[in-house]
Amino acid sequence: MYAEIIVDIAAEEVDRVFTYAVPEDMQLRPGMRVEVPFGRMKKEGFVIRLKNTPDYDPEKIKTVLSAPDNYPVLLPQLMALAEEMRTRYHCPLCEAIRLMLPAQMRGNRVKIKTEEYVRLAISPDLVDEAIAKETRSKKRKLILTLLSDGEMHPVDEIRILVKDAKAALDYLKDREIIESVSVERLRSPYTGQVDEKEDRTLTSEQQEVLSEMLPALEKPCKPFLLHGVTGSGKTEVYIRLVREAVKKGKGAIILVPEIVLTPQMIQWFKSRFGDTMAVLHSRLSAGERFDEWRRIRFGNAKIVIGARSAVFAPMENLGVIIVDEEHEQSYLSQSFPQYDARDIALSRCKREKAVCVLASATPSIYSYAMARRGDYTLLEMPHRILNRPLPKIELVDMREELRLGNKSMFSRALQEKLDACIQSGQQAMLFINRRGYASSVNCRKCGETIRCSHCDVSMTYHSWDKTLRCHYCGNVMPMPERCPSCESTYIKAMGTGTQKVEEALKKMYPHAGVIRMDMDTTAGKNAHFDLVNQFRAGKAQILLGTQMIAKGLDFPQVTLVGAVMADMSLNFPDYRAAERTFQLLVQVAGRAGRGEKPGEVVIQTYQPDHYALESAVRQDYRSFFAQEFDRRKKSLYPPFTLMVRFLCDAKDMETAMATAEEIKNQITCRFGSTPLWRRILYIRADEAPIARIQERARAQVLMKLLNHPDTDQLIAVMQEMAREERAAHTVLEINPASLA
């Protein structure tokens, strides 16, 4: 027997199967991990297929050394998905396979955790006699008495009850009166108790939407786009759909965009489904992720909740994938291969004949356009449950506030509503999409901005430890007393971040309690869970945070939401700036009034006439879509085109720019005289918007390609060009999440 094996080396030149002989005493199946000789090394690999005869001289074929597992780690459908990703993202097959396995599983860096138990090794009839004989050792007598119930007991438990029990245990084992048993102990990522909850009565909208989805569990259909306003009860629809899938013996994957949403979703599903649920996300320890993955692989968990990578969960009989908050850019991987979890979900569901549900209160322009074109089935839930009203939104022009003498970060309207909210015992949420205390530190004498020595960005001031930090490379330096350029002492932290807002709130409301949620306060493993639970339990009246608090969270006592600097994201150099601003504001506004009391929202802006803000105030998605779709059509932005760029980084800008110019010229020479050149609407080599990160100079070749079937040929050639050896490290990005 021979096995065709892909070796786990991420190099283009070895991205093919190699044939190995299978020892007679080894049972292999496709999808299993193996250890094989490769050159002078031993490497891991994956069995792609088995065959009886080799394609060349058997004498030259090496033999598989070992198989670490006795089961396939890759299901056939995931192996097919990996092959598809190899073609779609032009990556080595092993790079795609790595996404489907716990990282520490490679190289056997994580092991099954076991716990030692002891039990009687003698007949129950002889126990009393054995206890009676232990007249010289009270410890041995007590151990035998504990084990006389016939059950296995953890050794750790015995050692707690019997002090210095090791010698006594060893004595009884040596005389074969008791025996040790190793029992696997699963590492669980769950914290806290979850009470079982009864089903809620569905609204007519929920029932109608569910009735559309349920038949799809029996027969393949188009993906669903569920457009439901904030608070319309989309999660309850998810739960009912998943329950029906589980009843039919199928599994479900629920994707959430932010780790902060995972604990809440876990609680909702665990209260209905108990231990049949598993969780996968980056904050799990290596052991927890390994154990959860194995629970899914062996069918002990039928429901998976997690962030982007959970889309690769080894669910054998997949029934449904739900992508919650499908508009979020966090579903797009920033590392190679740059896959989009939404595309992977759609592909898995099509291949495995499962239901795919993309859901959001603010769908992406692309998804809504696909629904309008008929590629997705559009389902809508335009009302909140129990007919609760959407929050009333007030737009405040901060230019007028300044004209009237208010130089505070809070408008008069927001201050008044905050006062009333705190006095009434309700809760408020404030959103500002910038962490730190101040966005920059400037010299008021010479105008110098203190910038990161490794990146072409300004340092952010953090007040809690009086340091300047770079949010791109992590560089930290103490707050200087003098300007590095002119030695002036007239330096000042400028701008506003979450820490500065927190400081102001604590002075204004010293007894209300303020919880801040941003990247700095949620670095710990369970920090998201703990902070959310503290706020839900009423230990603070104000929750302040960045975009991680803007979506999905459900706090019934929140009656006021404030967006402190609502138009900050409008100024980003990105064609999606308006879309992201609209989505953020509608989502954060949706946190208000989800309980019995109505909600209010104050949006502070210097651009009150912008169509994204006007649509957000009306919470009118269709109006925003129409204007944004028309703008992109006129300007030829996605979804009408593809934004493609080669990103080149090197030690110096001269090398980076030379590589960018080389690639641009190569593209021009290769396609300039062919029909494919008409698909390239724009091409330019230039410095990247952030010209240096982590001491690496960055240049780019930015292109706009017409969205046409034969554009795939262009992309395929460009992927090959990106893998060529060059003076600067080069990657190709297709519609990247960030153009910085």
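Sequential numbering from 1 along the given sequence is applied to the chain's residues. What you see is a predicted model; the values in this text were computed from it and never measured.
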### Task
Could you tell me whether the side chains of Glu579 and Ser364 share a donor-acceptor contact shorter than 3.5 Å?
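No, no side-chain donor-acceptor pair sits under 3.5 Å.
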### Message
Hydrogens and angles aside, do Gln583 and His327 bring a side-chain donor and acceptor to less than 3.5 Å of each other?
### Response
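No - no donor-acceptor pair under 3.5 Å links their side chains.
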Taking side chain as C-beta onward, heavy atoms only, is [X] less than 4.5 Å from [Y]?
| X | Y | value |
| --- | --- | --- |
| Asp15 | Cys94 | no |
| Leu74 | Ile97 | yes |
| Glu4 | Val47 | no |
| Leu468 | Met479 | yes |
| Glu44 | Glu35 | no |

Taking the basic N atoms (NZ, or NE/NH1/NH2) and the acidic carboxylate oxygens, is any pair closer than 4.0 Å for [X] and [Y]?
| X | Y | result |
| --- | --- | --- |
| Lys43 | Asp8 | no |
| Arg698 | Glu687 | no |
| Glu720 | Arg723 | no |
| Glu95 | Arg86 | no |

[X] (side chain) donor-acceptor with [Y] (main chain) under 3.5 angstrom:
| X | Y | value |
| --- | --- | --- |
| Asp518 | Thr521 | yes |
| Ser615 | Tyr611 | yes |
| Arg632 | Phe640 | no |

### Query
Which is it for Tyr331 and Tyr339 under the ring pair (Phe, Tyr, Trp, His ring centres under 6.0 Å) test, yes or no, and what are the steps along the way?
CA-CA 8 Å; Tyr331 285 123; Tyr339 70 91; over 10 Å; no
### Query
Do the numbers put Arg348 on top of the ring of Phe312, so that NZ or CZ is under 6.0 Å from the six-membered ring centre and no more than 45° off the axis?
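No, Arg348 does not sit over the ring of Phe312.
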Is the [atom1] atom of [X] crowded by more than 12 outside heavy atoms at less than 6.0 Å?
| X | atom1 | result |
| --- | --- | --- |
| Phe38 | CZ | yes |
| Gln334 | CD | yes |
| Met477 | CE | yes |

Do any side-chain atoms of residues 729-740 form donor-acceptor pairs under 3.5 angstrom with protein atoms, and if so which ones, sequence neighbours left out?
{"unit_1": "His729", "atom_1": "ND1", "unit_2": "Asp649", "atom_2": "OD2", "d": "3.2"}
{"unit_1": "Thr730", "atom_1": "OG1", "unit_2": "Ala728", "atom_2": "O", "d": "3.1"}
{"unit_1": "Glu733", "atom_1": "OE1", "unit_2": "Arg645", "atom_2": "NE", "d": "2.6"}
{"unit_1": "Glu733", "atom_1": "OE1", "unit_2": "Arg645", "atom_2": "NH2", "d": "3.3"}
{"unit_1": "Asn735", "atom_1": "OD1", "unit_2": "Met643", "atom_2": "N", "d": "2.8"}
{"unit_1": "Ser738", "atom_1": "OG", "unit_2": "Ala740", "atom_2": "N", "d": "3.1"}

